[in-house]
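Model, not experiment: these values are computed from the prediction. In what follows, chains carry the letters A, B, and so on, assigned in the order in which the sequence lines appear, proteins first and then strands, with residues in each chain numbered from 1.
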Number of protein chains: 2
Amino acid sequence: MDRETDLDILARTELFRALPREALDEVRRSSSRKRVGKGDVLFHQDEPVSTLYIVVVGRLRALQTTAEGNQVIIRYLGPGEIAGYAALDDSATYPGTVAAVDDSHVIGLSKGAIRRLLERFPQVALNALSVLGNRYRETQLRLRELSTESVERRLARTILRLGSQAGRRTAHGIEIAFPLSRQDLAEMAGTTLHTVSRTLSGWEKDGLVMSGRRRVILCRPEALTVIAETAP
Amino acid sequence: MDRETDLDILARTELFRALPREALDEVRRSSSRKRVGKGDVLFHQDEPVSTLYIVVVGRLRALQTTAEGNQVIIRYLGPGEIAGYAALDDSATYPGTVAAVDDSHVIGLSKGAIRRLLERFPQVALNALSVLGNRYRETQLRLRELSTESVERRLARTILRLGSQAGRRTAHGIEIAFPLSRQDLAEMAGTTLHTVSRTLSGWEKDGLVMSGRRRVILCRPEALTVIAETAP
DNA sequence: CGGCTACTTGACCAGATTCAACTCTTGTGG
DNA sequence: CCACAAGAGTTGAATCTGGTCAAGTAGCCG
């Protein structure tokens with residue numbers, strides 16, 4: 001593990017930005033790197049909370065499963081973001097499951113280490129508040145969309161969002177840079193894979209997107225934005 | 001303003017519990033009480049953040065309005081809870097509007113005062129994390145319900161939740177202790193006032209609830225729980 | 001009272017889910 | 001290396017939940 005690099009990486013994460021050098025050193029000392037392969041689970045819903053993870057490279061996703069077995073994707077996590085926020089507010093169990101959707105690297109910190117950092121360095125706590133505040137607002141927004149907007153609109157918003165947080169420029173447009181099935185999109189937009197498939201087929205015919213097996217490319221994002229912002 | 005009483009009240013709020021006496025004094029010094037009449041607005045969506053409020057008595061509600069003018073009720077706030085969490089994570093504008101649904105008393109603290117408290121007393125920051133964490137989880141749960149459950153189920157959950165957080169025992173059952181219209185329920189459950197009206201009428205016929213103009217009484221909560229937990 | 005707001009209910013309609021059948025990829029093991 | 005099973009996607013048809021439209025009633029306040 002390269003010490004210099006690790007400090008640089010930590011300094012750029014949402015949780016440990018703007019820390020004094022001393023604090024950053026302390027973080028590094030209490031953390032450990034870990035590789036997670038595609039599909040590997042970091043922790044399961046309802047398991048006791050032990051660790052907070054920081055994504056270094058790759059992409060993970062947080063999802064929740066209902067009593068009936070339905071899944072809802074809470075969010076995708078990329079470099080610099082945290083997985084396991086339950087360790088921040090000292091809640092007993094993880095509210096969801098986090099698994100890698102691509103080979104990834106994470107840094108793990110024990111619940112105890114996080115507590116110590118929060119109490120000792122106010123900036124860590126302020127950063128943590130900002131992380132939770134942002135996620136809370138993000139979820140409120142989705143709630144609002146889900147209550148008031150059509151499936152097509154929600155789906156347009158969903159892929160635009162994914163494009164902006166994990167998009168890669170290609171010859172045909174912005175490609176969402178991790179495997180993403182119809183089912184995944186359905187679990188994010190609150191619909192079924194059938195409706196997603198039909199909608200994407202329609203958009204593909206109009207040249208708005210290109211999509212295939214677990215792949216989505218946004219060819220005309222502006223046109224999708226129009227859909228995302230047009231009632232009904 | 002009674003100083004002793006105020007300290008006691010503060011010590012029982014979600015944000016200022018478990019503080020050392022010194023911190024509590026500091027909070028009291030930087031805070032000021034305020035009355036808000038039924039219908040009065042504490043702050044508006046998109047307004048710059050200036051103040052964080054703590055509910056002392058009464059009931060407020062937080063809601064968001066979409067570009068098309070649809071409203072979504074984020075939550076109702078009762079004694080001990082905070083309004084204006086945006087002041088905690090230093091975000092620029094309020095994400096929603098908060099207004100009183102009954103005559104209420106609140107304690108206000110300026111954004112600056114909150115910042116100082118957060119930096120100086122780690123326990124305040126830990127409490128704040130727990131507040132935001134709980135709200136985030138609560139919203140995730142609603143998101144999950146909205147994506148996967150029928151209107152009837154969501155409505156049952158909604159009134160059960162309101163009953164448990166603001167219920168008052170009466171001769172006929174648990175009455176939700178503040179004015180609550182069909183429209184309000186619709187904006188919480190993600191549906192229309194028509195569907196709410198039809199559903200409540202049905203339940204009333206079966207003796208599960210009694211309801212009238214802005215009033216709801218849960219006569220048979222157990223039966224509602226069954227509805228809330230039965231697919232589809 | 002008169003007017004406003006809340007509520008109710010019927011009729012109709014449509015967006016979206018469900019059911020079902022089929023195709024296309026991919027990757028695994030014989 | 002090929003075969004074939006499993007996974008992913010497509011699409012039509014039927015269905016239905018819940019929203020929209022419309023019209024009217026009941027309760028409340030000035």
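- One end of the helix from C:dC1-D:dG30 to C:dG30-D:dC1 points its axis 30° away from the other end's axis, with each axis taken from 5 pairs and the angle rounded to 10°.
- For the pair B:Glu68 CD and D:dG19 P, the interatomic distance rounds to 16 Å; values are reported in whole Å.
- Of all the residues in residues 176-191 of chain A, A:Ser181, A:Arg182 reach under 4.0 Å from DNA chain D with at least one non-hydrogen atom.
- If you measure from atom CH2 of A:Trp203 to atom P of D:dT11, you get 15 Å, rounded to the nearest angstrom.
- Checked against C:dT8, C:dC7, D:dG9, the side chain of B:His194 finds its nearest nucleotide in C:dT8.
- Residues A:Glu138 and A:Arg161 are not paired through a salt bridge, judged by the lack of any N-O separation under 4.0 Å between the basic side chain and the carboxylate.
- B:Arg61 and B:Glu187 are not joined by a salt bridge, as no carboxylate oxygen comes within less than 4.0 angstrom of a charged side-chain nitrogen.
- As a whole-Å value, the separation of A:Met210 CE from D:dG9 P is 15 Å.
- When distances are taken from the side chain of A:Arg214 to each of D:dT11, D:dA8, D:dG18, the shortest belongs to D:dA8.
- Neither OP1 nor OP2 of C:dG15 sits under 4.0 Å from any side-chain N or O of A:Ser150.
- Taking atom CG of residue B:Leu200 and atom P of nucleotide C:dA6, one finds them 16 Å apart after rounding to whole Å.
- Results of the side-chain contact (heavy atoms from CB on, under 4.5 Å) test with B:Val209 over B:Leu224, B:Ile174, B:Ile176 single out B:Leu224 as the only residue that passes.
- Side chain to side chain, A:Arg182 and A:Ser211 meet the donor-acceptor criterion of an N or O pair below 3.5 Å.
- Side-chain contact of A:Ser181 with A:Asp184: a donor-acceptor pair under 3.5 Å is present, judged by distance alone.
- Proximity of B:Thr192 to the phosphate of D:dG19: a side-chain N or O atom is located under 4.0 Å from OP1 or OP2.
- Side-chain atoms of B:Arg213 and base atoms of C:dT8 include no donor and acceptor less than 3.5 Å apart.
- With values rounded to the nearest 0.5 angstrom, A:Gln183 atom CD is found 8.5 Å from A:His194 atom NE2.
- With B:Thr199 as the fixed residue, the side-chain contact (heavy atoms from CB on, under 4.5 Å) test singles out one of B:Arg154, B:Glu204, B:Glu152: B:Glu152.
- Whole-Å rounding puts the A:Arg153 CZ to C:dA16 C1' distance at 17 Å.
- D:dC21 atom P lies 13 Å from atom CG of B:Leu193, rounded to whole Å.
- Annotation: side chain of A:Leu109 is in contact with side chain of A:Ile54 (closest heavy-atom distance under 4.5 Å).
- Take the nearest nucleotide of DNA chain D for A:Glu204 and for B:Arg198: the residue whose nucleotide is more 5' is A:Glu204.
- Using a 4.0 Å cut-off, no side-chain N or O of B:Ser197 falls inside it from OP1 or OP2 of C:dA6.
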Test log, rule side chain to side chain contact (heavy atoms under 4.5 Å, CB included), inputs B:Val131 and B:Tyr85: CA-CA 9 Å; B:Val131 169; B:Tyr85 73 90; 5.7 Å; no
